[in-house]
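Here the structure is laid out as structure tokens; the discussion comes afterwards.
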Amino acid sequence: MKITPGAVVKGGTSLHYKTGDWRDQRPVIDQEACQKCGICRDVCPDDSIKVKDEQYEIDTDFCKGCGICAHECPAQAIKMVPEEK
Amino acid sequence: MNEVKVVEGSEAVALAVKACRPHVISAYPISPQTHIVESLARMVADGELDAQYVRVESEFSAASVLAGASAAGSRSYTASSSQGLLLMTEVLYASAGMRLPFVMTGVNRSISAPINIQVDHQDTMSLRDAGLIQFYVESSQEAYDVHLAAFKIAEDPQIMLPVMVCMDGWVLTHSYERVAFADQKAVDEFLPPFRPENYLDPAHPKSWGSYAEADVLMEFKYAIHRAMSLGKARIKEILAEVAAFTGRDHGGLIEAYRTADADVVLVAMGSMVGTIKDAVDELRQGGKKVGLVKIRCYRPFPYEEIEEAIRGAKVVGVMDANFSMGSEGAVGLDLKAKLCGRPEAPLIIDYIAGLGGREINAQTIRKLVARTEDVYRSRLILPESEWVDLNPAILS
């Protein structure tokens, strides 16, 4: 591999770099308590909360475990649990 | 034919920048730099210059606009001074790292505190490690001519670094001098449009300055240093091209003035050089073998040329209009580092002079040359840089 002047690389490479590895705690959503307001998705700095089959789910490839979603959830439906490695 | 006019130094720079056809100019006003960008803003507003003039709320933003514009493939320009340059610092390091070849004028002014708006070189010297190519000029004419060269040097495919042309505030920017201008046609033939290999394009997304871990970071940094070191030859060629089409040759990376048989050589940069040349002529008339090395290109540091010019000299006095607190002046440190241990290297004495606009006149130079000879004869080991005309009586 040769380095490029200015460290110029093709775009989109961050998809291949799973920053979820950095996590030491993970958000767990209580689907029964979830009011589907979408605040967690809006505040997630890593765009790691997705809606699938009308349920909010965590994208663990990129969630760094910051806990903002749990802090902001008005229904307190998200708990942060320690990641076991 | 080259047109000749009496203009303010700032106007001369603005006209040089205009002749280089920049696409984007972004700046924030600060004395003594303001007249340069005011002139450019007027040229854009009056339709004389087809460029985007981006008004911003700080120098940090001005430099950031330039980085983005340059990455998008635009020829870009800014100017600042003192505190403004320091506020740009983070962006300037990043821009050099991303190899973005914009041009800026560093109008030299002292740094607060205490607040002072007069000239010294502390501001631009604080940026010497950023990866910018730095020139220091002696006159408005040289400022004009070096700005013509600056874009071509910055955009050279083997260099690709920002270039900063440093000129002394007030002394050059606000004084009126006779300046000869280049024909637009000659400038256009000399300076082709900016066509970088990489540029921001939504159709082909790219990222600049991407993450580099410990396994490659040193190579990226060394690559900048190597672009500068190997770039010296190219810089000299481009300066020579400008000399050829303007008919004005200010020298290469340095100008050696009456150094051939000199026992004492002074080393200096910026507008004080003109005064020193006159003082050298006077001292020569009195039978003293004195010469001067004017550093034109400070980064990359032209030590090979300086070594050649001071060969045979007994003692060298470096005049630093800057100071590295707790150590010595920057140019003195550079020269000592490069010459230390070389056979027959002359004694080097570092003088701190002209901070905050303190006057340097012919008498200052005569006194300094006499002191240099004394130190050489007495074999005195100086414990620190000599602060020229320091008044210890007012130190509390």
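Per chain, numbering begins at 1; letters A, B, ... match sequence-line order.
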Name the option with the most non-hydrogen atom pairs under 4.5 Å to chain A; the candidates are B:Ala223, B:Gly209, B:Ala227.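 So the answer, after comparing B:Ala223, B:Gly209, B:Ala227, is B:Gly209.
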
With a 4.5 Å cut-off on heavy-atom pairs, point out which of B:Ala71, B:Ser95, B:Ser210 contacts chain A the most.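 Among the listed options, the one with the most contacts to chain A is B:Ser210.
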
Look at atom [atom1] of [X] and say whether more than 12 heavy atoms of other residues, nucleotides or ligands are closer to it than 6.0 Å.
| X | atom1 | value |
| --- | --- | --- |
| B:Gln52 | CD | no |
| B:Gln158 | CD | no |
| A:Asp59 | CG | yes |
| B:Glu304 | CD | yes |
| B:Lys221 | NZ | no |

Donor-acceptor pair, B:Ser207 side chain versus A:Val9 backbone, under 3.5 Å?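 Side chain of B:Ser207 to backbone of A:Val9, a donor-acceptor pair under 3.5 Å: no, none is there.
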
With a 4.5 Å cut-off on side-chain heavy atoms, are B:Arg99 and A:Pro5 touching?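 Heavy-atom side-chain distance check passes, below 4.5 Å.
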
Looking only at non-hydrogen atoms, find the nearest pair between A:Thr4 and B:Phe220 and report the distance.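 Nearest pair, atom of A:Thr4 first, then B:Phe220: O-CE2, 3.1 Å.
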
Which heavy atom of B:Val216 sits nearest to which heavy atom of A:Met1, and what is that distance?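 Minimum heavy-atom contact is CG1-CE, 3.8 Å.
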
